[in-house]
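Shown next, in structure tokens, is the structure this report addresses.
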Amino acid sequence: MNKKIYRFPALLIAGLFLSVVSLAQSSDAVFNNFEKHYTLYPDGRMQYREVKELTLNTHYAFNRTYGETFIVFNPEAQKLAIDEAYTIMADGKKVVAPENAFNPVLPRAAADFPHAAHLREMVVTHTALEVGATIHLDYVINTKAGFYPALMDEVIIPQSDPVENMKVIVKVPEGTPFNYNVTKLRTGPEVNTDNGFTTYTFTFVAINALSHDYWQKADHTGVPVLTFSTSKDLHRLVDSYVNQEAFQLKVTPQMSKAVAAATKKAKSEMEKIAAIQDIVVNEIHHFGIKEKYLGYQLRTPVEVWNSNGGSSAENALLLAAMLRAGGINANPVALFAPETPDKKAGNLNEIKGYLVQVNPKEGKRIYLNTDHMNSFDAALNYPGYSVLPLDPAVESLRFEDFPGPDTKRTMRLKIAFGPEESIINGSMTLSGKGVPVLRAADTAMHVREMKGLPVNNKHVTAFDVSSLSSNISFKMMTDNPVKAKNGYFILELPYLGYDPAHTWPYELQSSRNSDIDIGNGLDINYTFEVSIPDGYAFVLPAKNIILKNSFGTVKINYTVEGKQVKMTKQFRVPDPVAEEQLWPEVKALFDLWSTENYSKIIIKAE
């Protein structure tokens, strides 16, 4: 017997791991033990085993969170076996789950999707639950050889509630490539070679629960994640993935005719692109089933077209194929979260979605979704992400990073106030996320970014759209607010779309336990010049406001000259990411910007 053991020290980040005593405090439940076992056999078969022991601390835990366990599997390639399922009640009594506690159903994401109709989701109903009870579940999924291109997974270490002890154990035939990466931690596995297998054991203890804070780093990139694979590297894995007939992007004459019919009235290349996207978005069903449950085997665009529906990946291939049929340079791309993928530990589970890259003959490259129409480049929704073209002809991996430009909003209004109505001259410039630059001809869509003022197309005096921004000027008359009994008029100041004072969350929590990432930097500038006739006066705050800290700056300034006031509001956040301890500074800026008194101008009849 050949037996070798290697141990690697683990250096843990403070704050992610707690003492065992503190785990049970203020949590709905505690995972006493959580194990994930992965085995690759010499003949290519795979096995996944999960063992969990969970103690319930509240009624919410078993009424809403842990009363059932859901296990999705593919019966055509996998077999599920429940080895143990029982509950230890608070008084120590053991209650074994009865036969009717196990009910296979169709996964919700596979509903109405014939290609996934064979999938099953085993619903395990845990019995004898009460505060203080402990759930024990041990199940195994055996997978036939060839179903997956490699033994691979992405394991988020923190769970929905604290974990006292967690192990991830990977067992592969000796000599098999094994690449792994653990984010946010400097750690490694214990390695044991025995009986022709090498076993890698990752151990984590006293793990804090996943945070429920908003404004967190995307796709769990702010917490420890283990990714591993038996593929030699990501390049070889992607090569095998795109070496499917589906990636040839072939279409039928019928599909070409549909493209021609949809685009015959298009007056520009962008209108043509939008017309083809509309076919896939509004005429093809979109099913949320994960590709891994189908073994990463994709149907061709023709098959998807004929069946009138596909998965996220399949619909991306369909849209790319139809754009090419219309003479548009397009490629399907895989979307990866910030700081991923690990190019050594090749893992298809790290793909977070699929987009279509479009390269117009004129203008800059854009990205499209397949489940909704884009009024702006889809890349702006994924700051810090990267994409990888899925092209069988490409010999190397060519990632493109999405930079995440600032959300820029500039508005300037001149308001000539009168007791019955006001005359308003205004302009606004929109840049960054949310600006409908892909709908250059749709003036109304751009005008709708002005909030709190009834501007419409008839008021527009100038309109210009580039690939990055839009500029609008307008002039209008509007009725004034109803005069209050004491002779005051309150002018509620308008704002522009994506203004953080008017987007969720509307009230910020007093504290948090995770780092902050608001997605994009902010550069918001408002100027309001209000003039009033004789017999009226302004009622303004006693002083100007400036708040500047390490996260950003808010400035609110009033300048009065006779019967005119000039109010400027500025909100600048250069870096959208901050560490948890800076939350008081972040909150102070957003609270100040959202203060109601700084979003109005009060005029009093003298």
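Just so it is clear, the model here is predicted, and its values are computed rather than measured. Heavy-atom basis, side chains included; hydrogens, waters and symmetry copies ignored.
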Salt-bridged, [X] to [Y], with N to O below 4.0 Å?
X: Arg572; Y: Asp406; answer: yes
X: Arg236; Y: Asp239; answer: no
X: Glu245; Y: Arg299; answer: no
X: Glu350; Y: Lys343; answer: no

In terms of relative ring orientation, are [X] and [Y] parallel, tilted or perpendicular, with 30° and 60° separating the classes?
X: Phe204; Y: Phe202; value: parallel
X: Phe247; Y: Tyr241; value: perpendicular
X: Trp215; Y: Phe590; value: tilted
X: Trp593; Y: Tyr526; value: tilted

Taking distance alone, no hydrogens or angles, what donor-acceptor pairs closer than 3.5 Å link side-chain atoms of residues 270-281 to residues at least two apart or in another chain?
from: Glu271; atom 1: OE1; to: Lys267; atom 2: N; distance (Å): 2.9
from: Lys272; atom 1: NZ; to: Gly326; atom 2: O; distance (Å): 2.7
from: Gln277; atom 1: NE2; to: Asn369; atom 2: O; distance (Å): 3.1
from: Gln277; atom 1: NE2; to: His372; atom 2: O; distance (Å): 3.2
from: Gln277; atom 1: NE2; to: Asn374; atom 2: OD1; distance (Å): 2.7
from: Asp278; atom 1: OD1; to: Asn282; atom 2: ND2; distance (Å): 2.5

Closest non-hydrogen atom pair, [X] against [Y]:
X: Leu317; Y: Pro301; answer: O-CG, 3.9 Å
X: Ser467; Y: Val437; answer: O-CG2, 3.6 Å
X: Asn181; Y: Ala345; answer: N-CB, 4.4 Å
X: Val460; Y: Val447; answer: CG2-CG2, 3.7 Å
X: Ser431; Y: Ser469; answer: CB-CB, 3.9 Å

Pair up each side-chain donor or acceptor in residues 69-78 with any protein partner under 3.5 Å, not counting sequence neighbours, and list the distances.
from: Thr69; atom 1: OG1; to: Lys52; atom 2: NZ; distance (Å): 2.9
from: Thr69; atom 1: OG1; to: His126; atom 2: NE2; distance (Å): 2.7
from: Asn74; atom 1: OD1; to: Glu76; atom 2: N; distance (Å): 3.0
from: Asn74; atom 1: OD1; to: His118; atom 2: NE2; distance (Å): 3.3
from: Asn74; atom 1: ND2; to: His118; atom 2: NE2; distance (Å): 3.3
from: Asn74; atom 1: ND2; to: Tyr293; atom 2: O; distance (Å): 2.9
from: Gln78; atom 1: OE1; to: Asn74; atom 2: N; distance (Å): 2.8
from: Gln78; atom 1: NE2; to: Thr143; atom 2: OG1; distance (Å): 3.0
from: Gln78; atom 1: NE2; to: Tyr148; atom 2: OH; distance (Å): 3.3

Could you tell me if the side chain of [Y] sits less than 4.5 Å from the side chain of [X], heavy atoms only?
X: Asp517; Y: Gln216; answer: no
X: Phe228; Y: Asn179; answer: no
X: Phe399; Y: Val387; answer: no

(message) Quick one: does any side-chain atom of Asn315 pair with a main-chain N or O of His285 as donor and acceptor, under 3.5 Å?
(response) yes

(message) Would the distance check show the side chain of Asp377 and the main-chain N or O of Tyr367 forming a donor-acceptor pair, the cut-off being under 3.5 Å?
(response) yes

(request) Tell me, with the steps shown, if Lys36 and Tyr48 meet side chain to side chain donor-acceptor pair (under 3.5 Å). (result) CA-CA 7 Å; Lys36 289 176 171 283; Tyr48 171 71; 2.9 Å; yes

